[in-house]
Amino acid sequence: MAQKPSIPKGTRDFGPEVVEKRQFIINTIKNAFQHFGFAPIETPSFENIETLTGKYGDEGDQLIFKILKSGDFTNKLTDKDWAEKSHTTLANKIVDKALRYDLTVPFARFVVQHQNELAFPFKRYQIQPVWRADRPQRGRFREFYQCDADVVGSDSLWQEVEFVQLYDEVFTKLGLSITIKMSNRKILAGIAESLDIEDKFIGFTVALDKLDKIGVDGVLAELEKNEFSKSSISAIASLLNASNSEESLAQLEMLLKNSKTGQKGIEELKFVQEKCESVGLKSAHLVFDLTLARGLNYYTGAIFEVVANDINLGSIGGGGRYDDLTGVFGLNNMSGIGISFGLDRIYLCMDELHIFPENSLPKVQALFLNFGESESEKALQLIRKLRDGGISSELYPDNVKLKKQFDYASKKGIKNVVFLGDKEVLEKSVSVKNIQTGVQVSVPFEDLICYFLES
RNA sequence: GUGAUUGUAGCUCAGCUGGUUAGAGUGCCUGAUUGUGGUUCAGGAGGUCGCGGGUUCGAACCCCGUCUUUCACCCCA
């Protein structure tokens with residue numbers, strides 16, 4: 001016997017119910033994007049390798065899925081290439097394309113390439129899968145969907161306010177209770193400046209980001225390990241020990257009073273906080289969280305991260321401001337800001353919390369039982385009219401015992417079964433049985449559409 | 001990438017220190033009931049124990065490799 005087929009690690013098949021639920025989320029997000037004035041684009045699944053490498057840091061580069069050159073690439077390699085045994089230099093010679101790692105970098109490439117066709121500020125959304133050669137875990141896959149909305153060509157802080165509104169809108173519609181954590185990269189930069197630890201900025205943010213996992217002591221220990229000075233560690237310690245976000249903001253203002261960048265960061269943060277409060281949020285909580293550092297280093301202003309309140313599944317969305325994203329592709333001074341929704345994690349949250357609305361899934365309304373050839377012909381004529389009237393219905397394809405046909409209907413969640421045997425053909429009316437209530441009524445052929453429209 | 005962990009019927013899981021023919025629940029199929037399903041009853045099918053190698057008289061169980069799952073690190077949606 002053939003070996004059982006399988007799919008690669010970190011990938012999944014989706015059955016009908018799962019796809020329908022995923023589409024419910026996608027449609028909700030898509031509607032919100034469109035209401036906020038974003039237009040859709042799509043980019044290829046794979047890009048030239050140069051487009052992607054160097055954009056995500058060394059760690060990120062490792063996680064990019066690379067695509068082998070076509071044809072016999074071996075005869076262009078020298079013995080020296082093999083002998084060096086360096087997979088990175090060898091990869092450079094046998095790889096020329098790679099699967100996209102996120103949607104932001106391809107978007108930056110898109111903007112630069114089509115800059116003359118676009119009206120700025122350009123607001124686009126994009127819902128497509130991305131791939132990462134990560135080791136999978138719960139809520140971490142090697143193929144997953146991102147739903148991104150970005151604006152380029154405007155450095156107005158109102159965009160930040162709008163994106164908070166957008167998060168609020170989507171998660172309110174989905175019925176998922178969330179907290180939007182917000183911070184500002186300039187604040188972090190200002191801290192680094194004031195404490196004179198700019199050379200260790202990345203180590204600082206990485207340690208900070210772990211706070212909720214390893215606690216204050218853990219963060220301080222990590223800083224110590226990375227040879228931060230005693231005075232800077234104690235300054236950071238007092239910041240982290242602030243009891244709430246107002247207190248930590250107040251402390252920060254003191255600390256950053258000599259840092260222009262830091263003050264700008266606080267100013268920006270306060271603006272967004274105040275305006276969000278004045279415009280109002282439907283259900284989301286917006287909080288300042290100093291420990292939010294975000295891995296991707298291209299952020300330069302506001303940083304966002306979204307977590308679900310009732311379940312711990314890591315972040316289900318994130319984003320921020322990047323002053324010069326398109327710079328690496330040769331287009332300077334294009335400020336951008338964007339956010340992302342992690343579809344797969346949102347799905348997991350909603351599934352585990354059982355908050356998918358019952359009626360969100362499209363259902364067939366009527367199954368016509370199969371009684372034989374002449375009855376089926378009549379049935380299909382009626383079904384055609386029903387479908388034209390916008391009612392989804394189908395004929396059971398085989399003339400088998402009714403038990404089986406009923407079973408099919410209840411498994412597929414079809415509400416009604418329709419009897420159309422010789423008796424009904426003569427009477428020019430069908431018997432419609434509601435499978436849940438057991439109620440059965442006789443409906444004339446010509447009233448059938450109305451009957452289903454009303455029920 | 002580092003260190004652990006998981007895999008037995010379609011699904012959820014038992015299976016003793018290695019010992020005859022690997023079990024249960026549920027689902028599936030057939031019949032009681034050939035135009036009225038979900039209940040009940042009777043019967044039935046279904047497993048190369050993830051895959052490959054090894055140790056042993058004998059392996060689901062021990063050893064090695066490999067794939068997969070989950071977890072921690074790393075990083076991240």
Side-chain angles (χ1 to χ4, degrees), chain A residues 1-12 15 25 29 56-64 87-88 101-104 127-148 202-203 205-207 209-210 213-214 218 222 292-297 304-308 313-320 338-349 367-372 375 396 399-425 430-440:
Chain A
M1 202 184 87
Q3 207 179 334
K4 274 189 186 167
S6 62
I7 55 174
K9 186 200 294 220
T11 65
R12 294 145 305 152
I25 300 175
I29 294 174
Y56 309 103
D58 291 343
E59 290 283 348
D61 283 359
Q62 301 275 318
L63 298 179
I64 294 173
H87 73 281
T88 44
Y101 179 88
D102 70 359
L103 300 178
T104 308
I127 299 175
Q128 288 190 284
V130 302
W131 294 270
R132 295 186 186 176
D134 212 352
R135 196 175 277 206
Q137 277 177 33
R138 190 170 99 108
R140 297 178 76 162
F141 308 99
R142 303 222 284 189
E143 177 184 64
F144 61 97
Y145 269 73
Q146 287 192 335
C147 314
D148 278 28
I202 295 205
T205 57
V206 167
D209 206 38
K210 290 182 188 164
K213 228 175 204 175
I214 60 180
E222 177 141 345
L292 192 64
R294 300 286 304 159
L296 297 178
N297 290 317
F304 301 108
E305 186 164 305
V306 178
V307 295
L313 232 158
S315 76
I316 55 176
I339 59 170
S340 179
F341 293 78
L343 169 66
D344 301 82
R345 286 191 182 172
I346 293 171
Y347 177 92
L348 283 176
C349 288
L367 176 75
F368 280 66
L369 299 175
N370 192 314
F371 288 100
E375 292 90 340
Y396 194 86
N399 181 13
V400 295
K401 57 178 54 172
L402 293 186
K403 177 179 163 61
K404 212 173 161 133
Q405 304 195 37
F406 263 88
D407 261 5
Y408 174 82
S410 41
K411 260 180 212 151
K412 220 174 150 181
I414 299 175
K415 280 192 219 99
N416 303 288
V417 290
V418 178
F419 291 81
L420 179 55
D422 42 8
K423 191 178 80 194
E424 282 84 0
V425 172
V430 295
S431 304
V432 180
K433 177 167 181 170
N434 183 314
I435 214 167
Q436 285 144 11
T437 61
V439 177
Q440 186 168 331

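Heavy-atom basis, side chains included; hydrogens, waters and symmetry copies ignored. Sequence lines set the chain letters: A, B, ... in the order given, protein chains first and strands last, and positions in each chain run from 1. Worth saying up front: this structure is predicted, and the values here are computed from it rather than measured.
- Taking the nucleotide of RNA chain B with the nearest heavy atom to each of A:R345 and A:E424, the more 5' of the two is matched to A:E424.
- We find that CZ of A:R142 is positioned 16 Å from C1' of B:A77, with the value rounded to whole Å.
- Here A:Q405 lies out of heavy-atom contact (under 4.0 Å) with every strand.
- In this structure, the OH atom of A:Y56 is 19 Å from the C1' atom of B:C74, given to the nearest Å.
- Counting non-hydrogen atoms under 4.0 angstrom, A:F141 reaches a base of the nucleic acid.
- Taking atom CG of A:N370 as the reference point, atom C1' of B:U34 lies 14 Å away to the nearest angstrom.
- A straight line from CZ of A:R138 to C1' of B:C76 spans 15 Å, rounded to a whole angstrom.
- Between A:E375 and A:D422, the shortest heavy-atom contact is OE2-N, 3.8 Å.
- Atom-to-atom, CG of A:L402 to C1' of B:U36 comes out at 6 Å; the value is rounded to the nearest Å.
- B:A60 and B:G7 have their C1' atoms separated by 11 Å, given to the nearest Å.
- Using P as the reference atom, B:C73 and B:U66 are 25 Å apart when rounded to the nearest Å.
- Base pairing of B:G18 is not made with any nucleotide, judged by Watson-Crick or G-U wobble geometry with both donor-acceptor distances under 3.5 Å.
- Remark: the backbone N or O of A:G139 is paired with a side-chain donor or acceptor of A:R345 at under 3.5 angstrom.
- Shown here for A:R12 and A:E143, the closest heavy-atom pair between the two residues is NH2-O, 3.1 Å.
- Between A:K9 and B:U68, a side-chain N or O to OP1/OP2 separation shorter than 4.0 Å is present.
- Pairing for B:U70 is with B:A4, a Watson-Crick or G-U wobble pair whose two hydrogen-bonding atom distances lie under 3.5 Å.
- Figure legend. B:A42 is base-paired to B:U30; pairs are counted as Watson-Crick or G-U wobble with both atom distances under 3.5 Å.
- A:N370 places a side-chain N or O within donor-acceptor distance of the main-chain N or O of A:G372, the cut-off being under 3.5 Å.
- Across A:E424 and A:V430, no two heavy atoms sit closer than the pair CG-CA, 3.8 Å.
- In this structure, A:G139 reaches the bases: a heavy-atom distance under 4.0 Å links it to at least one base atom across the strands shown.
- Residues A:A409 and A:I435 approach most closely at CB-CD1, 3.7 Å, considering heavy atoms.
- With rounding to whole Å, A:N416 atom CG is found 17 Å from B:G37 atom P.
- Here the separation of B:C28 from B:G18, taken at their P atoms, is 39 Å to the nearest Å.
- Two residues, A:I316 and A:Q436, neighbour RNA chain B, and the one matched to the more 5' nucleotide by heavy-atom proximity is A:Q436.
- Neither OP1 nor OP2 of B:U69 sits under 4.0 Å from any side-chain N or O of A:Q137.
- B:G25 and B:C11 make up a base pair, with Watson-Crick or G-U wobble contacts both under 3.5 Å.
- When distances are taken from the side chain of A:S410 to each of B:C76, B:U36, B:G37, the shortest belongs to B:G37.
- A:G10 comes within 4.0 angstrom of the backbone, heavy atoms only, and of no base.
- Taking atom P on both nucleotides, B:A9 is separated from B:G58 by 26 Å, rounded to a whole Å.
- Here the separation of B:C41 from B:A22, taken at their C1' atoms, is 28 Å to the nearest Å.
- Between the P atom of B:A77 and the CH2 atom of A:W131 lies a distance of 17 Å, rounded to the nearest Å.
- Ring-plane geometry between A:Y396 and A:Y408 is classed as perpendicular, the angle between the planes exceeding 60 degrees on a 0 to 90 degree scale with a lower cut at 30.
- B:C16 and B:A59 have their C1' atoms separated by 15 Å, with the value rounded to a whole Å.
- Here the nucleotide nearest the side chain of A:R140, chosen from B:G35, B:C75, B:U36, is B:C75.
- B:U69 sits 14 Å from B:G1 when the P atoms are compared, rounded to a whole Å.
- The minimum heavy-atom distance linking A:D102 with A:Y56 is given by the pair OD1-OH, 2.7 Å.
- Across all strands, A:I435 comes closer than 4.0 Å to base atoms (heavy-atom distances).
- Here A:F144 packs flat against the base of B:A77; its ring centre is closer than 5.5 angstrom to the base's six-membered ring, tilted by less than 30 degrees.
- Across all strands shown, A:V130 has no heavy atoms under 4.0 Å from either base or sugar-phosphate atoms.
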Enumerate the protein-to-nucleotides 25-30 of chain B contacts in which both atoms are nitrogen or oxygen and the separation is below 3.5 Å.
residue: B:C28; atom: OP1; partner: A:K411; partner atom: NZ; Å: 3.3

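- Of all the heavy atoms in A:D344 and A:Y145, the pair that sits closest is OD1-N, 2.8 Å.
- In the set B:A72, B:U69, B:C75, B:A72 carries the atom at the smallest distance from any side-chain atom of A:R135.
- Per the geometry, CG belonging to A:D209 stands 9 Å off P belonging to B:C75, to the nearest Å.
- One C1' atom belongs to B:U21, the other to B:U17, and the distance between them is 23 Å to the nearest Å.
- Remark: A:K210 is in phosphate contact with B:C74, judged by side-chain N or O atoms under 4.0 Å from OP1 or OP2.
- For A:Q146, taking side-chain heavy atoms from C-beta onward, the closest of the listed nucleotides B:U2, B:A77, B:C75 is B:A77.
- A:R132 places a side-chain N or O within 3.5 Å of a backbone atom of A:Y101 that can act as its donor or acceptor partner.
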